[in-house]
Asks: 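For reference, the structure I am asking about is given below.
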Amino acid sequence: MRVTVSEERNPQLPPTTAIQNLLQITPGAWFEYPVRVQPHHTDYGGVVWHGTYLAWLEEARVECLRSIGVDFADLVALGCDLPVVELSIRYHRPLRLGMTAVVKAKMTEVDGVRLNWDNQIQSLDGEELYVTARVTLVAIDREKGKIMRQLPPVVQSAFAKLTGKV
């Protein structure tokens, strides 16, 4: 049995190779990361499990950083980790199996070694708001296991690209 859904009701995500072209960032602008709800994202009722949204927020942050040339593996190689230290999330309405959405991420401020991000998860047309979140990360020296006094200069200048504050 083949089930089809109207394109206007359920637009298709671009092929994985085309997603590369979407990974662009303008200082102070939202970075957009498309997602599709898969079976493993949901509970038995086909509703997205609350923890899935957290994973999508992290994926969007990691891809946003990669889009400006900061690969997370490179941060780790520099001895820097960015754990979440504070998270506020509001669930406005659920996503369901098969739906598509866009995860929007924006670094709003770099305060010393604290990185503040705003996030939204919306329908692709921007008409529906599913989640809003505020996430704070802190730069940790992986070797010492302590908060860094300052970000490595190359990382700091890259982050300035995101906030528009050079």
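No experiment lies behind these values; they were computed from the predicted model shown. One-based numbering along the sequence shown.
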Asks: Would you say L54 ends up clustered with W49 if hydrophobic residues are merged whenever their side chains have heavy atoms under 4.5 Å apart, either directly or through other cluster members?
Replies: no
Asks: Charged N to carboxylate O below 4.0 Å: is that the case for R134 and D118?
Replies: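 Yes, charged N to carboxylate O under 4.0 Å.
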Asks: Got a second to check how far D71's CG is from L65's CG, nearest 0.5 Å?
Replies: 9.5 Å
Asks: Using side-chain contact (heavy atoms from CB on, under 4.5 Å), reason through R90 and V131 one step at a time and then give a plain yes or no.
Replies: CA-CA 6 Å; R90 174 140 190 226; V131 169; over 6 Å; no
Asks: Apply side-chain contact (heavy atoms from CB on, under 4.5 Å) to F159 and L115, showing your working.
Replies: CA-CA 9 Å; F159 290 169; L115 312 172; 3.5 Å; yes
Asks: Show the nearest heavy-atom pair for residues L97 and V37, with the distance to one decimal.
Replies: CA-CG1, 3.6 Å
Asks: Give a yes or no on whether the backbone of E128 and the side-chain of S123 come within a donor-acceptor separation of less than 3.5 Å.
Replies: yes
Asks: Which distance, rounded to the nearest 0.5 Å, do you find between the CD of E32 and the CG of L124?
Replies: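 It is 9.0 Å, given to the nearest 0.5 Å.
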Asks: Verify side-chain contact (heavy atoms from CB on, under 4.5 Å) between L95 and Y53, making sure each step is shown before the conclusion.
Replies: CA-CA 10 Å; L95 278 159; Y53 296 105; 3.7 Å; yes
Asks: Check whether any side-chain heavy atom of V47 sits under 4.5 Å from a side-chain heavy atom of T42, and report yes or no.
Replies: no
Asks: Quick check against the 3.5 Å criterion: does D141 have a side-chain atom that pairs as donor or acceptor with the backbone of G145?
Replies: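 A pair under 3.5 Å: no.
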Asks: Could you tell me which non-hydrogen atom of Y130 sits nearest to which non-hydrogen atom of Q122, and how far apart they are?
Replies: CE1-C, 3.5 Å
Asks: Could you measure the distance from the CG atom of L137 to the CD atom of E58? Nearest 0.5 Å is fine.
Replies: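 If we round to the nearest 0.5 Å, L137:CG and E58:CD are 8.5 Å apart.
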Asks: Sub-3.5 Å donor-acceptor pair from the side chain of D111 to the main-chain atoms of R114, do we have one?
Replies: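 No, the answer is negative, given that no donor and acceptor are paired below the 3.5 Å cut-off.
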Asks: Quick one: does any side-chain atom of S88 pair with a main-chain N or O of A133 as donor and acceptor, under 3.5 Å?
Replies: no
Asks: Please say yes or no: joined through hydrophobic side-chain contacts below 4.5 Å, possibly via intermediate residues, are V35 and L129 part of one cluster?
Replies: no
Asks: Consider side chain to side chain donor-acceptor pair (under 3.5 Å). Of K104, E63, E59, R61, which one does Y33 pass it with?
Replies: E59
Asks: Any side-chain heavy-atom pair from D81 and F72 closer than 4.5 angstrom?
Replies: yes
Asks: What are the two closest non-hydrogen atoms of V113 and M148, and how far apart are they?
Replies: CG1-O, 3.2 Å
Asks: Can you confirm whether more than 12 heavy atoms, excluding those of L87, are under 6.0 Å from its CG atom?
Replies: yes
Asks: Does any part of the side chain of W56, heavy atoms only, come nearer than 4.5 Å to the side chain of H41, both counted from C-beta?
Replies: yes
Asks: Quick check: do V155 and L78 have side-chain heavy atoms less than 4.5 Å from each other?
Replies: yes
Asks: Begin from the C-alpha positions of V84 and T136 and carry the test side-chain contact (heavy atoms from CB on, under 4.5 Å) through to its verdict.
Replies: CA-CA 6 Å; V84 172; T136 301; over 6 Å; no
Asks: Less than 4.5 Å apart, side chain to side chain, heavy atoms only: is that true for I140 and L82?
Replies: no
Asks: Rounded to the nearest 0.5 Å, what's the gap from CH2 on W117 to CZ on F31? Could you check?
Replies: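 Going from CH2 on W117 over to CZ on F31, the span is 8.5 Å.
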Asks: Look only at the side chain of D74 and the backbone of A77, and say whether a donor-acceptor pair between them is shorter than 3.5 Å.
Replies: no
Asks: Work out which heavy atom in V70 is nearest to a heavy atom in A158; give both atom names and the distance.
Replies: CG2-CB, 3.4 Å
Asks: How about T108 and T163: do any of their side-chain heavy atoms sit closer than 4.5 Å?
Replies: no
Asks: State, with a plain yes or no, whether a side-chain heavy atom of V110 is found less than 4.5 Å away from one of L151.
Replies: yes
Asks: How long is the gap from CD on Q120 to CH2 on W30, to the nearest 0.5 Å?
Replies: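 The CD atom of Q120 sits 4.0 Å away from the CH2 atom of W30.
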